[in-house]
Amino acid sequence: MDGNGRWAKRRHLPRAMGHQRGVEAVRKLVRSLKDTGVECLTLYAFSSENWKRPGEEVDDLMNLMRKFIKSDLPEFVANDVQLRIIGDWQGLAPDIVEMLEDALEQTSKGSRLLAVALNYGSQQEIVRAAAKAAADGEVTEQAIAAHLDTADLPPLDLLIRTSGEVRLSNFLLWQSAYAEMMFVDTLWPDFTPEHLQRALAEFEGRDRRYGGR
Ligand code: IPE
Ligand code: MG
């Protein structure tokens with residue numbers, strides 16, 4: 001979810017406003033999931049590298065997270081959403097960890113998966129998984145995959161990056177081995193359910209060969 005800052009800058013608004021509109025884009029997208037065949041939507045909300053941002057912006061993002069969980073949890077439950085979290089989320093502030101634990105529990109029966117990457121870095125995730133596999137005495141592709149944070153999620157089919165940047169920025173590196181990639185110029189706050197529908201239609205037309213032919 002990239003481009004919140006630029007969205008705000010173009011309107012001469014504070015960055016925090018861009019993040020706020022980014023949250024609204026998330027809310028609309030999650031509401032639209034029932035109209036799609038998407039089994040699992042994974043959102044890259046906060047990376048392990050985002051701590052490098054000014055303290056004030058990190059605080060804004062954390063406060064938005066608190067507000068969002070509080071305001072939208074009942075809607076998640078009502079809309080059959082099951083929350084999952086990937087990344088080192090236990091390293092967030094204790095009150096957020098507590099809110100997330102509660103949200104995970106309250107949504108545990110939902111059938112539509114919403115995975116949120118929080119304090120997530122793919123390289124760190126792979127190292128953790130490889131170390132666990134090694135401790136079990138078996139370093140294979142299957143063993144590493146089984147220890148990734150995404151082990152219980154369906155395979156990654158489509159990865160969309162917004163805002164015109166063409167890089168993965170430490171997101172789902174292992175999982176994207178054969179994922180279809182889309183890089184769109186739309187800034188995240190402008191990314192609507194229609195944009196997702198269009199991306200899904202394009203995905204349908206892709207010929208996936210997984211190295212075969
Ligand atoms: C959102 O967009 C990313 C988050 C960490 C939530 P940015 O804040 O990276 O926006 P740009 O790249 O400055 O436009
Ligand atoms: Mg950015």
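- Note on Val116 and Leu168: separate hydrophobic clusters, where clusters join Ile, Leu, Val, Met, Phe, Trp and Tyr whose side-chain heavy atoms are under 4.5 Å apart, directly or indirectly.
- In this structure, Glu141 and Trp174 have side chains that are in contact, with non-hydrogen atoms separated by less than 4.5 Å.
- Under the 4.5 Å side-chain heavy-atom criterion for grouping Ile, Leu, Val, Met, Phe, Trp and Tyr, Leu196 is connected to Val81 within one hydrophobic cluster.
- Of the possible polar contacts, none joining the Thr150 side chain to the Leu153 backbone as a donor-acceptor pair under 3.5 Å is found.
- More than 12 heavy atoms of other shown residues, nucleotides or ligands fall within 6.0 angstrom of atom CZ in Arg15.
- Distance check: Leu100 CG to Leu73 CG gives 10.0 Å after rounding to the nearest 0.5 Å.
- Taking both residues in full, the closest heavy atoms of Val139 and Ala134 are given as CG2-CA, 3.7 Å, listed atom of the first, atom of the second, then distance.
- Using modelled atom types, one side-chain atom of Thr107 and one backbone atom of Leu83 make a donor-acceptor pair closer than 3.5 Å.
- When all heavy atoms of Pro74 and Ser71 are compared, the closest pair comes out as CD-O, 3.8 Å.
- The side-chain contact (heavy atoms from CB on, under 4.5 Å) check on Pro154 picks up Glu39, Cys40, Leu113, with sequence neighbours excluded.
- Nearest heavy atom pair, residue Gly18 against residue Pro189, reads O-CG, 3.8 Å.
- Note: Leu118 CG to Met65 CE = 5.0 Å, rounded to the nearest 0.5 Å.
- With hydrophobic clusters built from ILVMFWY side chains whose heavy atoms lie under 4.5 angstrom apart, Ile86 does not share a cluster with Val97.
- Shown here is Glu98, whose CD atom has no more than 12 heavy atoms of other residues, nucleotides or ligands within 6.0 Å.
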Output a table of donor-acceptor pairs, distance under 3.5 Å, between side-chain atoms of residues 119-133 and any protein atom two or more places apart or on a different chain; print 'none' if there are none.
| residue | atom | partner | partner atom | Å |
| --- | --- | --- | --- | --- |
| Asn119 | OD1 | Trp51 | NE1 | 2.8 |
| Asn119 | ND2 | Asp88 | O | 3.0 |
| Tyr120 | OH | Glu125 | OE1 | 2.5 |
| Tyr120 | OH | Leu172 | N | 3.4 |
| Ser122 | OG | Leu173 | N | 2.8 |
| Gln124 | OE1 | Asn170 | ND2 | 3.1 |
| Gln124 | NE2 | Ser48 | OG | 2.8 |
| Gln124 | NE2 | Glu49 | OE2 | 3.2 |
| Glu125 | OE1 | Gln175 | NE2 | 3.3 |
| Glu125 | OE2 | Asp149 | N | 3.0 |
| Glu125 | OE2 | Gln175 | NE2 | 3.2 |
| Arg128 | NH2 | Asp149 | OD1 | 3.4 |
| Arg128 | NH2 | Asp149 | OD2 | 2.9 |

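- Taken from CG in Leu158 to CZ in Arg208, the straight-line distance is 8.5 Å, to the nearest 0.5 Å.
- A chain of hydrophobic side-chain contacts below 4.5 Å, direct or via other Ile, Leu, Val, Met, Phe, Trp or Tyr residues, connects Met99 to Ile85.
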Residues 178-185 side chain polar contacts: donor-acceptor under 3.5 Å, at least two apart:
| residue | atom | partner | partner atom | Å |
| --- | --- | --- | --- | --- |
| Glu180 | OE1 | Arg206 | NH1 | 2.9 |

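- For Gln106, the side chain to side chain donor-acceptor pair (under 3.5 Å) criterion is met by Asp102, not counting sequence neighbours.
- Considering only heavy atoms from C-beta on, Leu13 stays 4.5 Å or farther from Arg21 through its side chain.
- Rounding to the nearest 0.5 Å gives a distance of 11.0 Å between CH2 of Trp188 and OG of Ser163.
- Looking only at distances, a side-chain donor or acceptor of Asn50 sits under 3.5 Å from a matching main-chain atom of Ser47.
- Residues that satisfy the side chain to side chain donor-acceptor pair (under 3.5 Å) test with Gln142, not counting sequence neighbours, are absent from this structure.
- Annotation for Gln20 and Leu64: closest pair N-CD1, 3.7 Å, computed over non-hydrogen atoms.
- Separation of atoms NZ (Lys9) and CG (Leu187) is listed at 12.5 Å; rounding is to 0.5 Å.
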For this session: Start with the C-alpha distance between Gln197 and Thr36, add both sets of side-chain angles, then the distance that settles side-chain contact (heavy atoms from CB on, under 4.5 Å), and finish with yes or no.
Result: CA-CA 8 Å; Gln197 295 283 3; Thr36 70; 3.7 Å; yes

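- The shortest side-chain heavy-atom distance between Arg66 and Asn63 falls under the 4.5 Å cut-off.
- Arg213 and Arg209 get closest at one heavy-atom pair: CA-CD, 3.6 Å.
- The distance from atom OG1 of Thr162 to atom CZ of Arg6, rounded to the nearest 0.5 Å, is 8.0 Å.
- Minimum interatomic distance between Gln82 and Lys109 (heavy atoms only, all atoms of both residues): NE2-C, 4.5 Å.
- Between the side chain of Arg27 and the main chain of Val23, no donor-acceptor pair closer than 3.5 Å is present.
- At least one donor-acceptor pair closer than 3.5 Å links the side chain of Asn79 to the backbone N or O of Glu75.
- Under the 4.5 Å side-chain heavy-atom criterion for Ile, Leu, Val, Met, Phe, Trp and Tyr, Met1 and Leu159 are members of distinct hydrophobic clusters.
- Judged as a side chain to side chain donor-acceptor pair (under 3.5 Å), and not counting sequence neighbours, Asp35 has no contacts.
- The side-chain heavy atoms of Leu114 and Val30, taken from C-beta on, include a pair separated by under 4.5 Å.
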Problem set entry | Check against side-chain contact (heavy atoms from CB on, under 4.5 Å), Trp89 and Ile96 | CA-CA 9 Å; Trp89 60 280; Ile96 296 184; over 6 Å; no

